[in-house]
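Below, chain A is the first sequence line, B the second, and so on; all start at residue 1. Just so you know, these numbers use all the heavy atoms, side chains as well, and skip hydrogens, waters and symmetry mates.
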Amino acid sequence: MEHFFSQLSAAFGMLADVQLISVVLVASAFGLFVGAIPGLTATMATALLVPVTFYMTPLAAVAAIVSCTAMAITAGDIPGCLIRMPGTPASAAYTDETYAMTRRGLAAQALGSSLVSSVIGGLFGAIVLMIAAPVLASYALRFSSFEYFWLALMGLSCAAFISSSDLLRGMIALLIGLFLATVGMDPLTGTPRFDFGFTALLGGLNFIPIMIGMFAVCEIMNNLATDSERVRIKEIPKPVGRIFAGIGGLISRYRRNTARGAVLGTLIGALPGAGGDLAAWMSYSLAKRFSKTPEKFGTGHPEGVIEAGAANNAALSGAWVPALVFGIPGDAVTAIAVGVLIMKGLNPGPQLFESQAPTLYAIYLIFIVANLLLLPLGWLAIRLAMPLLRIPPHQLSAVILMFCILGSYAINNSIFDIGVMLLFGVVSFVLGRLGVPKGPIILGLVLGPMVEMNFLTSMAIADGRFLGFFERPIAGGLGVAAILIWGFVLMRALRGHSDKAKHAAKSDM
Amino acid sequence: MSRASTDLLFGLVLCFAGVAIAVVARAMPSIAGQAYGPGFFPSLLAVGLAACGLIMVTRSILQMSSRYAAAPTDLNQPSIGRRNLAALLWVVGGLALIGGVMDSVGFLICVPVFMIVFMVILGERLAWSVVLSLASTSIAYYAFAKLLKVQVPIGLLDGLF
């Protein structure tokens, strides 16, 4: 216990740094800005932030990412509520509901309830992270390459299964990501692979230009392709009143929804491939299913907004549990954060909990600080929402593209990285048009070296016998679980396929 | 192009990519005393990609024969307006151009030009585009080159800054 308090006080000491606090405030403001603009996602905000984190301490870099993401996800509710355009995908689940509330003159209540429930969900997720991560880490210290291989494989499988309604497309995305991770020197022997004669590729593909290309350049191309550049606010909503008035009573009335959203969000967030958007959709459906007044849903009723609002922010913290303990990120934002941690020499894994305990405690505290800051900064963002929403989208896109160029270049002072950014922007755009999800590509890219390294090491230890992967009790359990998950998903896919065939045959008759 | 024919083409590209990766991976040197060399893992991925490609080809052929319902994908995108298409092409072409000339011309010239063209294509007034581009690139240049000490290429303006 004394050890715990000494670590905690060291963590507080690390947080009491003017530079760190400034970083959190600036990143929060940036997150609120990006989140409040329709068409710009929380992942895009994080990808654009990464080049700047390159010049920060590891803790400041993580603090910037955490606070920026939490703010962006919450700010995404603002345009959804006021002009029926979700700022981020995580807000899409309850946009119609909050907009219906606005039309009933309840915009302040909609924004206040989503903001406060987001804070509660985020704090709950942070507490789970604080408790679950060290416990899991002490257990994971016993893991060998066999367990890590199965864990990474399960994580990747989940990402492929969850991220798309089409299993095949999820698998393709995953394989593309894993292939990209093989570019550069082989992790065991140092043999160059797929470098095509470019010395810049010997160290592997640079993670940051890829992220910027896939999440910033590609999003701008998507906005142009879907013509959302022409979107203008047709109906100017009335100014939002006192957003915290009566919210305490409302949250207390729907406390069960808040709790369920926070728990479900944290659990879903921890699943690789499932981020805040899925958590919000599932929570909203659950709220409707268990509601005493389901008929009120869709007419401007706060119950689903509170549950889903708590879930999408809780998912953010939940995603960090497997990321910190096993190095397996829960979603694309956490994958970027894991990439940043690795870049900073803080390789996620159970050893980190022993060697860098105060830094990890400081990271947990950052989650709490960022979520508490949501209250005043979220309030401010709501007040400033209308001027933000009036910024012409193409001017903003031009400035974002400028930062994309500069951010990609700044990592290595290399024009080559601008080319990588462009290539991945275009490839990601084309894949998106083909229905291939991005999430598994990123997870494959981040987890690829871990999967390959642990697979080859395990094969060497087991003398090439695949049964060797099942001989250790935990590895065996994980292996069986992985095979069962694969079997279940394949069965479901095949059954769906045969149902479709029957349906088609019937309609032919 | 219908969804099924796009899928067919995509499946064929995946098959080709799988075969190409397998060929390159097989040519990688094997390591003495090790059963699994640097080409082993990429070979596994190549098989996976080719298999996925094959499934996609088969599925799209079955869809074309219209016995099966369409796969659950979101390919019904709206058509792109002329201005937006031009801006989209400029993003690709302009960024490629920047990759080619930024070292010699400099960030402070080629990036504002890229931004101005982008905004003008999308219907923004030229004067405002010039002001916004110059102001934002100057601020960004100061932040990255002076505060973060990044060696942003200065090109033709060498000596002025």
Residues in residues 454-462 of chain A near chain B [non-hydrogen atoms, under 4.5 Å]: A:F455, A:L456, A:M459

Atom group of A:L431 that falls short of 4.5 Å from chain B, counting heavy atoms: side chain

Part of A:I405 lying under 4.5 Å from any heavy atom of chain B: side chain

Region of A:M185 in contact with chain B, defined by heavy-atom distances below 4.5 Å: neither

A:R465 atom CZ, neighbour heavy-atom count above 12 within 6.0 Å: yes

Spacing of B:S133 atom OG and B:L108 atom CG [to the nearest 0.5 Å]: 12.0 Å

Portion of A:F179 that has a non-hydrogen atom of chain B nearer than 4.5 angstrom: both

Parallel, tilted or perpendicular: ring planes of B:F118 versus B:F114, cut at 30 and 60 degrees: parallel

Closest-packed option against chain A by number of heavy-atom pairs under 4.5 Å, given B:S129, B:G48, B:G53, B:P42: B:P42

Among B:L14, B:L132, B:V152, B:V24, residue most engaged with chain A (heavy-atom pairs, under 4.5 Å): B:L132

Part of B:P153 within contact of chain A (heavy atom distance under 4.5 Å): both

Contact leader toward chain A among B:I121, B:I116, B:I21, where contacts are heavy-atom pairs under 4.5 Å: B:I21

Donor-acceptor contact present, side-chain A:T57 to main-chain A:A60, <3.5 Å: yes

Electrostatic pair B:R83:B:E124 at N-O distance under 4.0 angstrom: no

Proximity of A:F466 and A:F469 rings by center, below 6.0 Å: yes

Salt bridge (Lys or Arg N to Asp or Glu O under 4.0 Å) pairs, two or more places apart, involving residues 393-418 of chain A: none

Interatomic distance, B:L54 atom CG to B:T58 atom OG1 [nearest 0.5 angstrom]: 5.0 Å

ring-ring contact (aromatic ring centres under 6.0 Å, His included) partners of B:W128, counting only residues at least two apart: none

Interface moiety of B:M56 toward chain A, non-hydrogen atoms closer than 4.5 Å: both

Any donor-acceptor pair under 3.5 Å from A:Y409 side chain to B:Q151 backbone: yes

Contact winner vs chain B - A:T182, A:V436, A:N413, heavy-atom pairs under 4.5 Å: A:N413

Under 3.5 Å: donor-acceptor pair, side chain of A:K438, backbone of A:M214: yes

Value rounded to 0.5 Å, distance of CG in A:N223 from CG in B:N84: 9.5 Å

Proximal component of A:F194, with respect to chain B [non-hydrogen, under 4.5 Å]: both

Heavy-atom pairs under 4.5 Å with chain B, option from A:L175, A:V52, A:L174, A:V426 with the top count: A:L175

Side-chain donor/acceptor of A:R193 to backbone N/O of B:P38, under 3.5 Å: yes

Per-residue contacts, residues 85-98 of chain B versus chain A, heavy atoms under 4.5 Å: B:A87, B:L88, B:V91, B:V92, B:L95, B:A96, B:I98

B:F16, CZ atom: more than 12 neighbouring heavy atoms under 6.0 Å: no

Among A:V451, A:L401, A:I418, residue most engaged with chain B (heavy-atom pairs, under 4.5 Å): A:L401

From CE (B:M102) to SG (B:C110), nearest 0.5 Å: 6.0 Å

Nearest-0.5 Å distance that lies between atom OG in B:S104 and atom CG in B:D158: 12.5 Å

For chain B, the option from A:I172, A:L406, A:I415 that forms the most heavy-atom pairs under 4.5 Å: A:L406

